[in-house]
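Heads up: the structure comes next, in structure tokens.
Being a predicted model, the structure only gives us computed values, none of them experimental.
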Amino acid sequence: MQSVPKKTAEIIIESGNDYIGALKGNQSGLLEAVQENFEAIQTHESNHVGHGRVENRTVSISNQPDNIPEFSGLKPPI
């Protein structure tokens, strides 16, 4: 999963769609805020071995974005 730049996320949302984006450590303070405040209600992990490398991925969802900095598409639950 590739990271989603804010402008790309805005275009997706404005078109009425949703997105999933990877969170990386270079997103000034966002990763730290998520690590400290994110409460997952569901998590899925996958592992893949191939081409001489191991890929471990974790996808989690939450419906409580409290104390997480604003990011395109991040909004409180309805």
Item checked: Test item: N37 side-chain N/O and A33 main-chain N/O as donor-acceptor pair under 3.5 Å ->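 Yes, the answer is positive, given that a donor and an acceptor are paired below the 3.5 Å cut-off.
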[atom1]/[X] to [atom2]/[Y] distance, rounded to the nearest 0.5 angstrom?
{"X": "H44", "Y": "S60", "atom1": "NE2", "atom2": "OG", "result": "10.5 Å"}
{"X": "I68", "Y": "E32", "atom1": "CD1", "atom2": "CD", "result": "12.0 Å"}
{"X": "H48", "Y": "R57", "atom1": "NE2", "atom2": "CZ", "result": "9.0 Å"}
{"X": "F38", "Y": "I61", "atom1": "CZ", "atom2": "CD1", "result": "8.0 Å"}

Checklist line | Flag if over 12 foreign heavy atoms under 6.0 Å of CD, Q42 | finding: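 Open.
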Next item on the list: Using a 4.5 Å cut-off on heavy atoms from C-beta on, say whether the side chain of D18 contacts that of I12.
Entry: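 I12 vs D18: side chains apart.
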Next item on the list: Please determine which of V54, T58, N56 meets the side chain to side chain contact (heavy atoms under 4.5 Å, CB included) test together with N47.
Entry: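 Of the listed residues V54, T58, N56, the side chain to side chain contact (heavy atoms under 4.5 Å, CB included) partner of N47 is N56.
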Checklist line | Derivation and outcome, side chain to side chain contact (heavy atoms under 4.5 Å, CB included), residues V59 and T43 | finding: CA-CA 6 Å; V59 176; T43 298; over 6 Å; no
